[in-house]
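Structure record follows, encoded as structure tokens.
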2 protein chains.
Amino acid sequence: MSMTDPSLKPRRRGRPPKQDGAYLDTRERLVRTGVAILTEKGFSAVGIEEILASAGVPKGSFYYYFGSKEEFGSTLIAAYAEYFARKLDRWFLDESRPPLQRLRDFVEDAKAGMARFDFRRGCLVGNLGQEMGTLPEPFREKLHLVFLDWQARTSSCLRAAQADGQIGTDLDCDHLAEFFWIGWEGAVLRAKLERSPAPLDAFSRGFFTALHLQA
Amino acid sequence: MSMTDPSLKPRRRGRPPKQDGAYLDTRERLVRTGVAILTEKGFSAVGIEEILASAGVPKGSFYYYFGSKEEFGSTLIAAYAEYFARKLDRWFLDESRPPLQRLRDFVEDAKAGMARFDFRRGCLVGNLGQEMGTLPEPFREKLHLVFLDWQARTSSCLRAAQADGQIGTDLDCDHLAEFFWIGWEGAVLRAKLERSPAPLDAFSRGFFTALHLQA
DNA sequence: ATTTTTATAGACGACCGGTCTATAAATACC
DNA sequence: GGTATTTATAGACCGGTCGTCTATAAAAAT
């Protein structure tokens, strides 16, 4: 850093970036729209043109913001993972509720989220996971890591439930969290297929019942 | 039926069908190849040309055997459902094993089946379910019915386990079977993503543990 | 005026999608 | 044998869309 006053605008040379503030900048809009569309239709079946059209962004712009469709996909995975991690934290770290209730809260929220879009949109990570047969190989590890992250947050919440005496201390929270996410993704898939919340309810009922039974 | 001797060949007019017997007839080969490829890559991402090439069937033939790609897809769903139902029966109706063991046997067999293809192929029905966002609408009901069929067969097996005293009579076998299939499909998806049997083991371990716990 | 950076417009070539028509092959009819 | 009939294949076809790239406009600093 030099001696020049940093509060004074040291404007860079060319045309300034948008940052209108009025409404979302173009790149952000592409990401949002991309996530929305991919959660419904997956990656391979969707062309960038569809996303561009839906976002109201001219085609020429795309390759200014992203190097390729693959890079765009990676960005979407990261954005979705981040968005979802925040969502999990919001529920799982809510100290005003008993830990196990927080997990139930999340389930209800997720269910409401799917209902809002008529059970047409699922989980981006689950969708792309299913598509791995035709996806760029680097996606695999990224998606896997996302699941591990979500599981870790869930496991934390379950351990809090143990500390509270809500579930037995003999249970292995990591295993339980893994079990939850394996099954939950199955439930989301099924809910999308049936266009109904029933599979989400069926799975969560089963899961919580199993949690409360004692060996 | 007329009076003519049915044992005498009442040959039809034109060129006779293949039925070489030597190797599978063309249509059958298309179905087999189609199932193999779709279990790996899904429906939308695969063109008929790829299937044709892999089956060694000339492109011109396709529309002789099937009216459209959609009709072909329906045929594949039906073929796979049938194939899988037989597989379930083979395990679930094996009287030489205790009922619950039959379910374990199925799980092991399915795991071995996935391992045989390096966890690259999943479940056709699960794959297409995930893709419903871009699939012909009539597929939805077909896929859903396939799950109901598999669940019914599973529920039967669980009731046999109740009759044998292997699991409590208070359990609702229909619910359990539904829970199993929701989660199992999630496990298959995850196993495909991770290219590993671990998710299948994690889910089945959790499921059987839950089964044996008493309220 | 020129330079530099930001952003858009739209052409582009290649490829592949599913479909259809024309033809070959094999047999029965006359 | 020639023709009708059925089975199966060959390969053209055209439209769409894919991802990319080049040319240019816009805005500000020099």
Side-chain angles (χ1 to χ4, degrees), chain A residues 4 8-31 33-34 37-38 41-76 131 134-136 139, chain B residues 4 8-31 33-34 37-38 41-76 131 134-136 139:
Chain A
T4 50
L8 217 48
K9 41 189 166 182
R11 282 261 220 169
R12 303 234 310 299
R13 202 132 189 268
R15 167 174 167 179
K18 274 198 159 177
Q19 62 183 7
D20 276 322
Y23 49 104
L24 301 158
D25 95 285
T26 309
R27 189 194 147 96
E28 176 80 11
R29 223 160 62 249
L30 285 175
V31 172
T33 312
I37 296 186
L38 292 221
K41 308 189 181 178
F43 186 79
S44 314
V46 174
I48 30 193
E49 217 147 1
E50 179 178 349
I51 294 163
L52 262 355
S54 169
V57 170
K59 182 163 188 187
S61 300
F62 184 82
Y63 281 83
Y64 174 66
Y65 295 102
F66 303 96
S68 66
K69 192 191 179 188
E70 173 169 346
E71 188 193 311
F72 181 57
S74 290
T75 305
L76 295 189
E131 281 189 83
T134 55
L135 258 41
F139 282 18
Chain B
T4 53
L8 218 48
K9 35 186 168 184
R11 282 261 218 165
R12 302 234 309 300
R13 208 139 185 260
R15 168 175 165 177
K18 274 197 161 178
Q19 60 183 7
D20 277 324
Y23 49 103
L24 300 158
D25 96 284
T26 309
R27 189 194 148 97
E28 175 80 11
R29 223 160 63 250
L30 285 175
V31 172
T33 311
I37 296 185
L38 292 221
K41 310 192 180 175
F43 187 79
S44 314
V46 174
I48 29 191
E49 217 147 4
E50 179 178 349
I51 294 162
L52 261 356
S54 168
V57 171
K59 182 164 185 185
S61 299
F62 185 82
Y63 280 83
Y64 174 67
Y65 296 102
F66 303 97
S68 67
K69 192 190 180 189
E70 173 169 347
E71 188 193 311
F72 181 58
S74 290
T75 305
L76 295 189
E131 281 189 81
T134 54
L135 259 40
F139 282 18

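Letters go in sequence order (proteins before strands), and every chain restarts at 1. For the numbers below, each heavy atom of this structure counts, side chains included, while hydrogens, waters and symmetry mates do not.
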task: Given side-chain contact (heavy atoms from CB on, under 4.5 Å), test A/Tyr65 with A/Val31 step by step and report yes or no.
output: CA-CA 10 Å; A/Tyr65 295 102; A/Val31 172; over 6 Å; no
task: Rounded off to whole Å, could you give me the CZ-to-P distance for the A/Phe62 and D/dC18 pair?
output: 11 Å
- prompt: Given side chains that start at C-beta, do those of A/Arg27 and A/Phe66 come closer than 4.5 Å, heavy atoms only?
  reply: yes
- prompt: Atom CG of A/Leu52 to atom P of D/dC18: distance rounded to whole Å?
  reply: 10 Å
message: Expressed as a whole number of angstroms, how long is the span from B/Ile48:CD1 to D/dG11:C1'?
response: 14 Å
message: Please report the distance, rounded to the nearest Å, between NZ in A/Lys59 and P in D/dC21.
response: 13 Å
query: Rounded to whole angstrom units, what separation is found between the CD atom of A/Glu50 and the P atom of D/dG16?
result: 16 Å
- prompt: Under 4.0 Å: is that the gap between some side-chain N or O of B/Tyr65 and OP1 or OP2 of D/dT9?
  reply: yes
message: Whole angstroms only, please: what is the NZ-C1' distance between B/Lys69 and C/dC20?
response: 18 Å
With a cut-off of 3.5 Å and sequence neighbours excluded, list every side-chain donor-acceptor pair involving residues 46-62 of chain A.
residue: A/Glu50; atom: OE2; partner: A/Lys41; partner atom: NZ; Å: 2.8

query: Looking only at heavy atoms, which two atoms of B/Ala45 and B/Glu131 are closest? And how far apart?
result: N-OE1, 4.5 Å
query: What nucleotide, of C/dT8, D/dT20, D/dT7, holds the atom closest to the side chain of A/Pro58?
result: C/dT8
- prompt: How many Å lie between OH on B/Tyr64 and P on C/dT23, as a whole number?
  reply: 19 Å
- prompt: B/Glu49 has an atom CD; how far is it from atom P of C/dG18, in whole Å?
  reply: 9 Å
Among D/dT17, D/dT9, D/dC21, the one nearest A/Tyr63 by side-chain distance: D/dC21
